[in-house]
Amino acid sequence: MHKTSPAVIVLLLLQLLHCGHALENGLARTPPMGWMSWQRFRCITDCNKFPDECISERLFRRHADLLASEGYADVGYEYVIIDDCWLEKARDNKTNKLVADRTRFPSGLNALADHVHNRGLKFGLYQDFGTHTCAGYPGVIDHMQLDAQTFADWDVDYVKLDGCNANVTDMTEGYPQFGRLLNATGRPMVYSCSWPAYLEDAYPDYESLIKHCNLWRNWDDIDDSLESVFQIMDYFAKNQDSIQPQAGPGHWNDPDMLILGNYGLSYDQSKLQMAVWAVLAAPLIMSNDLAKVEPRVKAILQNRDIIAVNQDPLGIQGHRLLVQEYIEVWRRPITPKNDDQEYSFAVAFVSRRTDGKPYGVTFSLKELLLTNSKGYSVQDLFEPKSNLGVYEADSQFSTRVVPNGVTFYKFTAL
Ligand code: GLA
């Protein structure tokens, strides 16, 4: 007798409940968290020269193990995602199926998925909507149904679909179609769409993105530098009136990977990216060598209070509220709401200053649009268990921010 799996029944029930308003595959109710290869390991394929760094099953097994053993899984990092350069250059000439590189993934993707799943983690894979991936491996365009089914057969839980080597006009139909094909397999797979990043200046079809994708890359790739982090922040701030309202449970804007733990950011700059990504309700997908992250940077990545801001159940994305004297204020409404339904807020003060001292700024709570009449109790999110006391509605708030650094607070509505 044909048995319907519990996952399919849940999916069907969810679809019935939410007749087509959003992609209700039940996934990514909070921004996905995990680890992905691209930013740190790019397309290193020479495993003889670089055995610890090449895109191979060894790299992903190692990182699944490290997520579990180094405490990352305990705080929520879940997906182990293979980015580009995992494929053979040609499909199987009999079945047309995609084939993982035989030398670098000798055990096959099912065995790798098992390894990841056995550590309580989930397994993600990169592909591309066009004829070829950005690095030149075969894309999905003429084999979408076959590839969606192959992903399901490989026990994939997360698909990043890039948009190189494709006609942008085909994406309007193509990205939704691939999402429907993933759903039709009956295997729940988070669907990450790079579609808007390929539109250049055209306005993304957010209605369609929300309906078909769990997250989407809004803009350019992150690089290993503060300059790159700032460029992305500026893009999000400049376009925040259109970007910010699109986020919510099941559908997120993606400013790209966390680069903490690599070469480009100082300790304070690492805090800065973590804080702003929490305000932006961004997917927290690290790309680094988890064996080499220094302890104090690991503590930032594992800061439970900041992760709680990022994962806030309301799922309201924050935005840049104001800029004064090169100090930017980024603010996000979060739980708990008080009895009068006033939100609490996470507020980050980001310094774009480079004059060499911690710079002091003072704002009235009104300037920060913190208008709850009973005031707020305040916590420094980088100081575990800190309690800065109660700030009344008519009070002032002062903070000192180091050059290219951040301070980050939770204002809990009383
Ligand atoms: C594009 C994407 C990156 C990465 C590379 C892989 O540039 O935006 O995130 O996936 O392709 O080639």
Side-chain angles (χ1 to χ4, degrees), residues 31-46 50 53-56 59-60 63 79-89 98 100-101 104-105 109 123-141 147 151 156 158-168 170-171 174-175 178 189-202 204 209 213-225 227-229 231-233 235-236 243 252-262 264 273 277 280 282-289:
M33 296 175 64
W35 181 92
M36 182 151 75
S37 49
W38 181 254
Q39 170 50 32
R40 170 61 181 82
F41 297 100
R42 300 280 164 143
C43 199
I44 301 176
T45 51
D46 188 338
F50 309 108
E53 292 177 274
C54 66
I55 303 303
S56 65
L59 180 73
F60 297 96
H63 277 86
Y79 292 93
V80 178
I81 306 161
I82 306 183
D83 207 287
D84 207 348
C85 306
W86 60 273
L87 281 157
E88 284 283 337
K89 283 280 165 87
L98 295 167
D101 186 281
R104 291 181 283 118
F105 294 85
L109 291 197
F123 181 51
L125 201 52
Y126 165 100
Q127 245 297 2
D128 188 286
F129 172 63
T131 56
H132 293 87
T133 71
C134 297
Y137 296 83
V140 303
I141 197 143
D147 292 353
F151 290 170
V156 169
Y158 179 117
V159 174
K160 168 177 174 180
L161 194 68
D162 209 346
C164 274
N165 305 305
N167 290 326
V168 173
D170 295 343
M171 294 181 181
Y175 268 93
F178 197 70
M189 287 182 259
V190 169
Y191 184 30
S192 164
C193 299
S194 299
W195 176 14
Y198 287 87
L199 294 177
E200 309 216 331
D201 288 333
L209 284 163
C213 305
N214 292 113
L215 62 153
W216 49 84
R217 278 280 308 283
N218 302 70
W219 198 56
D220 274 3
D221 291 7
I222 198 158
D223 280 332
D224 196 357
S225 71
E227 186 190 4
S228 174
V229 170
Q231 281 167 358
I232 292 172
M233 285 166 55
Y235 179 84
F236 270 68
I243 292 177
W252 307 103
N253 295 298
D254 178 8
D256 212 2
M257 290 160 261
L258 289 173
I259 57 170
L260 286 80
N262 293 316
Q273 192 194 13
W277 263 233
L280 288 176
L284 297 182
I285 311 286
M286 304 177 283
S287 188
N288 48 20
D289 187 332

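Atoms within a ligand are numbered from 1 in the order they appear, just like the ligands themselves. These numbers were taken from a predicted model, which means no experiment stands behind them. All values below were derived from every heavy atom in this structure, side-chain atoms included, with hydrogens, water molecules and symmetry-related copies excluded.
For F50, the ring-ring contact (aromatic ring centres under 6.0 Å, His included) test picks out no residue, with sequence neighbours left out.
Listed by chain and number, residues touching ligand 1 at under 4.0 Å (heavy atoms only) are W38, D83, D84, Y126, C134, A135, K160, D162, R217, D221.
Between F60 and F105, the ring-plane angle classifies as parallel under the 30° and 60° cut-offs. Relative orientation of the Y235 and W219 rings is parallel, given thresholds of 30° and 60° on the angle between their planes. By the 30° and 60° cut-offs, the orientation of the rings of Y79 relative to Y158 is tilted.
Looking at N253 and L280, their side chains never come closer than 4.5 Å, going by heavy atoms from C-beta outward.
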Checklist line | side-chain contact (heavy atoms from CB on, under 4.5 Å) evaluation trace for I222 with V229 | finding: CA-CA 7 Å; I222 198 158; V229 170; 4.1 Å; yes
